[in-house]
There are 2 protein chains.
Amino acid sequence: MSPSRRHSDPQPTLATVAERAGVSRQTVSNALNNPELLREDTLAKVRAVIAEVGYTPNRAARQLRTRSSHMIGLRFEEAQEGTSNATMDRFVHTLVEATARTGHHIVLFAGDPDDPLDGYDELLRATAVDAFVITDTYAGTPAADLLSRVGAPYVTFGRPWDDPSARHPWVDVAGAHGARLATEHLLEVGHARVAWLGWEAASRIGEDRRAGWEAAMAAAGTSSDGLGVRITDNVDAARMAAHELLEDPTVTAFACASDTLGIGVLHALAERGLRPGADVGVVGFDDSLGAQVTWPGLTSVRQPLEQVAIEIVDLLHTVLSHKTVTEPARMLEPTLVVRRSTRRDSAR
Amino acid sequence: MSPSRRHSDPQPTLATVAERAGVSRQTVSNALNNPELLREDTLAKVRAVIAEVGYTPNRAARQLRTRSSHMIGLRFEEAQEGTSNATMDRFVHTLVEATARTGHHIVLFAGDPDDPLDGYDELLRATAVDAFVITDTYAGTPAADLLSRVGAPYVTFGRPWDDPSARHPWVDVAGAHGARLATEHLLEVGHARVAWLGWEAASRIGEDRRAGWEAAMAAAGTSSDGLGVRITDNVDAARMAAHELLEDPTVTAFACASDTLGIGVLHALAERGLRPGADVGVVGFDDSLGAQVTWPGLTSVRQPLEQVAIEIVDLLHTVLSHKTVTEPARMLEPTLVVRRSTRRDSAR
DNA sequence: GGTCTCGTGTGGAACGTTCCAAGACTAGGG
DNA sequence: CCCTAGTCTTGGAACGTTCCACACGAGACC
């Protein structure tokens, strides 16, 4: 029994592979990164040895030399009730899958909720990540500004609301279009006066969606006066607002800025003995799990989050390969998922 | 204007700091990693320079030398409808925060859904992560077995169902206890015959929870014969099962293995014109967003996911510092969140 | 006064990779 | 036959950090 016998064989390195293949280290490196430089038989031989010993390049060494970590930073925000938080993992999952295809990984980091910049520069200075994906553009874009200033690559999910002249790459979903789809659907189903339950005026996203509702109402030639309400994103606030609007019997439909609000309306209907769909139409926003499971099913605007993630990775890839981004801004369109809350027939 | 002027100053390194502070590289390294080795004034001087130039150690270099990346791998599973998926981001968020406190980060990776091992050894061989957190112990623990075999550290969320003799560190929530709490609560509120809606027998977690219901029923001296049902985790299956059970007028309460099933019961009640809480009691499991927003609010068993994450990080920390783990298995207890679906008074 | 210890600080080497400049071999042209 | 151009391969250096062995000076002890 040899005394220095290791519990398992040490990790194979470039040198190990080179020796076994009878070539130099650099040749093995080329086999991995520039295979076209090698003669066919040499390449085949090296590859065989790589497979045989199960060699994988050491990321740290590669990162040290090339100054690129193949890691993408994503600040994982505090789970805030309501908004699009619940839909976040649909997005993150596709992001992980899409980045994997280019050999990148997603690194999550936390940050002080009161400091939108916290965490970014630490990772950057430690050269732990190559780029960032920024998802919170609700409250301006301080993180994006910071990264621009230090010249770090990033892509945002969300347009630069405050600065239309910003030239950084971003992907967003046309919320106004989604609200318009929702409203048009309700009008088509036969509702004349469609109310809007939206967020406070400070929310850019909320105002954008509201604009879609207004546009659809205007296009139908219906006045939207007194039908639009701004409240906080919370079931009870929506329930109470719905009760108030339903005092006017001509109001028979609600388009909402979120599923939470839509569910609040359903609560109000339940309390009034009104049937969702048959009596009053309701549309939510985000197609969250809540919309899917709540009784009797809430029609909702679905954001193409998978596509958003794919576009973001595509932009990241372009930015990281130092190409100029020809089209840095991409706006995607949401779709409508119809459920029983907008079906006039009460048949199941 | 100097011709070689860079857009921004290059990253400061250990050498930069050493030179400015008039000490050697090693002394700066010690200031960071072994401050007790330095004289007080030297330490102060070095720290001042570090702060002044904004130095952060390069992770790649450190990782290369110390062979530890301070990264924790987490395979981000496909979002599967139902189960505890919806609650996953509550868990992940705390995990990120807790790991940050020890200077670690979470790296997400994807894997072929059909291959539970996919992705693990690639990260491992590339020395990209120090350890893993494994969250899917439903279908056995092939990933854990792989990691054990190659000697890689890991902690699982979920006990080793198939192998009680397994000695790896894990954290889990006592599902049986949760179901027991749910059932006892329903009995206390005045329901005599509490039905159980659970998953198929193949689910270890499902059977564990069911055992809690059976225990509570037995303790109350009530027969549970014919009251336990095994179905797939889906709203409609639960709705139909509830309709069937409600044909027996003595059945006035349901404990469920998931919120999805609980919501299915609420659908059935709505269709029968029965009032949740007042007429029939319903308890779900997981305290998902759905339980919180669905009308009129679903009482549910809440898993202490934040605590689970904290315990996992604690175990990871112990494992990574090569200490022997004194208590590798930790079972946490869930709590009951009471909402209107179990309130007999119909007052709001 | 020499030696031994202790508290501090130093410079060389190493981690595993890729960049760089140059070497070895092959083939083609004068 | 030599020179050159081109193809393929090579060893040395470098990335920024930490490990290691050792140097230095001060005080304690014999």
Side-chain angles (χ1 to χ4, degrees), chain A residues 6 9-47 49-50 53-71 103 122-128 130, chain B residues 6 9-47 49-50 53-71 103 123-130:
Chain A
R6 298 276 296 271
D9 291 339
Q11 289 279 336
T13 74
L14 262 191
T16 320
V17 175
E19 197 184 353
R20 283 184 81 126
V23 297
S24 73
R25 297 187 323 270
Q26 183 58 39
T27 302
V28 180
S29 176
N30 284 338
L32 291 167
N33 305 315
N34 303 89
E36 73 280 2
L37 290 180
L38 267 53
R39 215 170 40 208
E40 229 173 87
D41 56 338
T42 314
L43 181 57
K45 185 176 56 182
V46 173
R47 281 187 169 156
V49 175
I50 287 177
V53 301
Y55 167 71
T56 304
N58 182 305
R59 283 186 90 100
R62 174 175 274 184
Q63 176 178 349
L64 179 58
R65 188 65 242 227
T66 64
R67 312 181 145 280
S68 96
S69 62
H70 282 220
M71 296 275 177
E122 185 227 320
L123 280 177
L124 212 49
R125 285 198 317 231
T127 59
D130 293 347
Chain B
R6 298 275 297 269
D9 291 338
Q11 289 279 337
T13 76
L14 214 49
T16 319
V17 175
E19 197 184 352
R20 281 183 83 126
V23 296
S24 73
R25 299 188 321 273
Q26 184 58 40
T27 302
V28 179
S29 175
N30 284 338
L32 291 167
N33 304 316
N34 303 91
E36 73 282 2
L37 289 180
L38 298 189
R39 213 171 40 207
E40 227 173 272
D41 56 339
T42 315
L43 180 58
K45 184 176 57 182
V46 173
R47 280 188 170 156
V49 175
I50 287 177
V53 302
Y55 166 72
T56 305
N58 182 305
R59 285 185 89 100
R62 176 174 273 183
Q63 176 178 351
L64 179 58
R65 187 66 244 227
T66 64
R67 315 183 141 278
S68 96
S69 62
H70 281 222
M71 296 274 176
L123 279 177
L124 212 49
R125 285 198 319 231
T127 59
V129 300
D130 293 346

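Every chain is numbered from 1 and lettered A, B, ... according to where its sequence line falls, protein lines coming before strand lines. Everything numeric in this text was worked out from a predicted model, so none of it was measured.
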Decide side-chain contact (heavy atoms from CB on, under 4.5 Å) for A/T13 and A/N58; before the verdict, give the C-alpha distance in whole Å, the side-chain angles of both, and the deciding distance to 0.1 Å. CA-CA 8 Å; A/T13 74; A/N58 182 305; over 6 Å; no

Give the intermediate values and the outcome of side-chain contact (heavy atoms from CB on, under 4.5 Å) for residues B/Q11 and A/R125. CA-CA 7 Å; B/Q11 289 279 337; A/R125 285 198 317 231; 4.2 Å; yes

Counting only pairs under 3.5 Å, give me each side-chain donor-acceptor contact of residues 34-42 of chain A, with atom names and distances, residues two or more places apart or in other chains.
unit_1, atom_1, unit_2, atom_2, d
A/R39, NE, A/D41, OD1, 3.2

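For the pair A/M71 and A/Q63, the minimum side-chain heavy-atom distance is 4.5 Å or more.
B/P57 approaches B/R62 most closely through the heavy-atom pair CG-NH2, 3.6 Å. Between A/S69 and A/A128, the shortest heavy-atom contact is OG-O, 3.0 Å.
Atoms CD (B/E36) and C1' (C/dC6) sit 15 Å apart, rounded to a whole Å.
Of the residues in residues 37-45 of chain B, none lies under 4.0 Å from DNA chain D by heavy-atom distance.
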For nucleotides 13-21 of chain D, just jot down a letter per nucleotide in 5' to 3' order: B, S or -, based on protein non-hydrogen atoms under 4.0 Å. BBBBBBBB-

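Exactly one of B/N30, B/V49, B/V46 qualifies for a side-chain contact (heavy atoms from CB on, under 4.5 Å) with B/V23. That residue is B/V46.
Rounded to the nearest 0.5 Å, atoms NE2 (B/H70) and CG (B/D130) are 6.0 Å apart.
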